[in-house]
Each structure stands twice: as structure tokens, then as C-alpha cells.
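Written out below as C-alpha cells is the structure these notes cover.
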2 protein chains.
Amino acid sequence: MFIEHGYEKVSMRDIAKDLGCSHGALYYHFKNKAALFSEVLAFYFDELNLLIDLTMKQEKNDKLQELLLGFLRFGLNYPYQYELMFLLKSEEVDSLMQQPAAASYEKFAAAVKKASGKDLQNDMIYSIFLALHGFVSLHLHRVPNFEGAAKAAAVHVDFLRKTI
Amino acid sequence: MFIEHGYEKVSMRDIAKDLGCSHGALYYHFKNKAALFSEVLAFYFDELNLLIDLTMKQEKNDKLQELLLGFLRFGLNYPYQYELMFLLKSEEVDSLMQQPAAASYEKFAAAVKKASGKDLQNDMIYSIFLALHGFVSLHLHRVPNFEGAAKAAAVHVDFLRKTI
DNA sequence: TACTAAAACTGACCACTGGTCAAAGAGGTG
DNA sequence: CACCTCTTTGACCAGTGGTCAGTTTTAGTA
């Protein structure tokens, strides 16, 4: 439900109705709405980490491009998840999200360094990440999925590749 | 109030209490909360446009750097405004915000082109904008103001300058 | 001055939200 | 049976954005 309609639009009562229980019962299992949602999101951090691993494992000559494009694809194909993984700042959710987000970033940064074949500066990798994040956060929800911005994504990644 | 506490935190009743009227009265003047807020934001689009104009008018050798840094400074010093100018996607607000946002972008893009002294491709300018947007949207609300990320901002702008 | 029409405002009301909690139910063990 | 823990319920709270019939204020006219 969160994935289809977003965090704000889904109420605890909606979830309870779908489960066939009262909304009060949810508060026995989860401290609050944010805690419930963050457990849903944990799955998607794993998914992103897995995606990075898979990209690095496959036999391709241009892993770097695949890495950058893969990030954009992930962001736009899981818009609500991405929004809460890297964008939302509501105090409640953010405190639960910062640690896994940082871990995923570290994994991404290490992969980029390795895939580039060069000894890239950390600052540079961070700038590249910011540029990718900018792309996703601007196209988020304005485009139905990655396909809707695939061409622009390729152009952006191309721009970034040239800087490396 | 919006600027200090953010869109979600300020209720129509809060505003009405501050004005010394009933919250119903607000709905006589504004279709809804989003419409009220978007009128507040119009001021900040003007502010950003003015900032671009001023940067281009001043006698400096490195207008380009000033332009890019200025955008980051604006974003981090007016975090709630920036959030709703370029980040928020609630259907209500977004439809009111897209046009002025696009206009401000066009102004920015033209200024970057002129300041660079080269005939930059539009795609490239857009990528640069996305990279700046990524910086702001990631640091937003995690840092009290521009000063809190000034060093990282300088590094990021430096990275972008090198690509031009 | 008295009247009128428009503009502005009020506050009760609606359906909804996240969250709390005493009470009630289940299920298992001795 | 009693006893105990785990789980669930649903009434309740304070708050939200939004609506609207009814009232007041304002300003212009006869």
C-alpha cells in the first residue's frame, strides 16, 4: 500500500482494514507509523545493496555506466521507497533511515571507485552521487517509471562519465 | 510561520490564530492551504530570480562560480521554501509551483550559459542544475543553513566547474 | 439619514488523522 | 479450575483540512 500510494496517503486504519484487524493492534507491534514503515523500507535497502553487488559481479566492460544508470533506475522504479530512503526528513522517519542510507552509500561509493579503475577522490564520488540524487529527486513522481526518463537518464550519466 | 516551521507543521488554525481571525475566513481568500502557501512562495521565486540578476550584473571575474554557489546558498538558507519550490510533489502544490519553477530554471540556465563564456549544450546545463539540486535536497534540513555545508558546497561547485 | 448589496467573517460541523489505553479475549500450563 | 502472558479491541483524545448557513462589516446610493 505504501508503495502504491505513498507514506502520507496510507493511514494506519487503512492498513488495519486490509489486515482485518483494528488499528490499535498495529501499535502493539510497532511503536508508531514511522517504525512500521521503516521496516518495510529495510527490504528496499537490501534490494539496492543487492543491485550494486550484482552489477559488480556481472561480466561487462562498462560496469561504471551500469552502476550509475542502475541507481537512477532503482530510484525511479521505486519512487516512494526512494523518497523515504533518501529524501524524506520528518524527524521520526529520518532517524531510522540515516544509518542504512549511509551504509548503502558507502557500498555504492566503493563500487564506483572499483568500477572506474582509477583512484577517485571521495569528494568526487560524493559529487557524482549528489548529481544522481538530483536527477532522481527531480523526476520522482513526475514520471511513472524509469522508462519515462530513460533518455534523459542516459544523457545525465553520460555527462557524469565524462567527468571521471 | 511556514518559513520557521514548514508547511506540514503549520495549520490553517495556527495562521488564523496569529491573524486574529477564524480559520474559516482564510478559505474565503484562498482556495485551500496549498494555494495560500503558493502565494507565499511566489515571493521567493522572485527572490531567486533577483539573485540571478544581481550575480550577473556585478563586476566579478568568476560569475559562474558565484552563480552555482549562490544557488546552493539560496537553497540551504531558505530550506522550507526551496523544498516546496523544487522538491514537494503533493498534487495540489505541485501544479501551482511548476510554472514559476520552470521559469526560474530558464533564467538560471541562460545565466550559466552567459557566465561560462562558452556555448554550453542545454543537456549539460541541465545536468549541472541537477547536480546542484542534488546537493541542496540531500543537505536540506540536515544542516541549519548554508554555513553548515559551505565547505562541501565549495567542493561540489569546484567539481562542477571542472566539467565545464 | 436609511436602505441595500456585496464583501468578509464566524463557528459549528464533517470526515479524517496518529496515537493511547482499560478492558476483554485467546491460548497454554499446572 | 485458576493463573498467566500475549494479543486485540474499540472507545476515546486532540488535532487536521475543508465546508457552509448565517451573521456582521463595509461602502455606495437615494
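Residue numbers start from 1 in every chain, and the chains themselves are labelled A, B, ... in the order their sequence lines are given, proteins ahead of strands.
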Sub-4.5 Å side-chain heavy-atom contact between B/Leu19 and B/Leu26: yes
Separation of D/dG15 P from B/Lys33 NZ (nearest whole Å): 15 Å
Side chain of A/Asp14 (C-beta onward), nearest among C/dT17, C/dG18, D/dT16: C/dT17
Mutual orientation of the aromatic rings belonging to B/Phe135 and B/His156 [parallel < 30°, tilted 30-60°, perpendicular > 60°]: parallel
Residue of the set A/Tyr44, A/Tyr80, A/Phe30, A/Phe2 for which ring pair (Phe, Tyr, Trp, His ring centres under 6.0 Å) holds with A/Phe37: A/Phe2
Separation of atom CG in B/Leu36 from atom P in D/dG18, rounded to whole Å: 10 Å
Base D/dG17 paired with B/Arg13 side chain (donor-acceptor, <3.5 Å): yes
Distance in angstrom units between A/Lys9 NZ and D/dG17 P, rounded: 16 Å
Flag if over 12 foreign heavy atoms under 6.0 Å of CD, B/Glu47: yes
Between CE on residue A/Met12 and CG on residue A/Leu36, distance to nearest 0.5 Å: 5.0 Å
Heavy-atom check, side chain of B/His5 versus side chain of B/Asp14, under 4.5 Å: no
Whether A/Phe129 and A/Tyr126 hold their rings parallel, tilted or perpendicular, with breakpoints at 30° and 60°: parallel
Nucleotide C/dT17, atom C1' - distance to CD1 of A/Ile15 in whole Å: 12 Å
Approximate separation, where rounding is to 0.5 Å, of B/Leu51 CG and B/Glu66 CD: 8.5 Å
Interatomic distance where CE belongs to A/Met1 and C1' belongs to C/dT17 [whole Å]: 14 Å
A/Lys107 to A/Phe45, cation-pi by 6.0 Å centre distance and 45° axis angle: no
DNA chain D-proximal residues of residues 20-31 of chain B, any heavy atom under 4.0 Å: B/His23, B/Tyr27
Could you list the protein-to-nucleotides 21-27 of chain D atom pairs, N/O on both sides, closer than 3.5 Å?
none

Whole-Å distance separating the CE atom of A/Met12 from the C1' atom of D/dT8: 14 Å
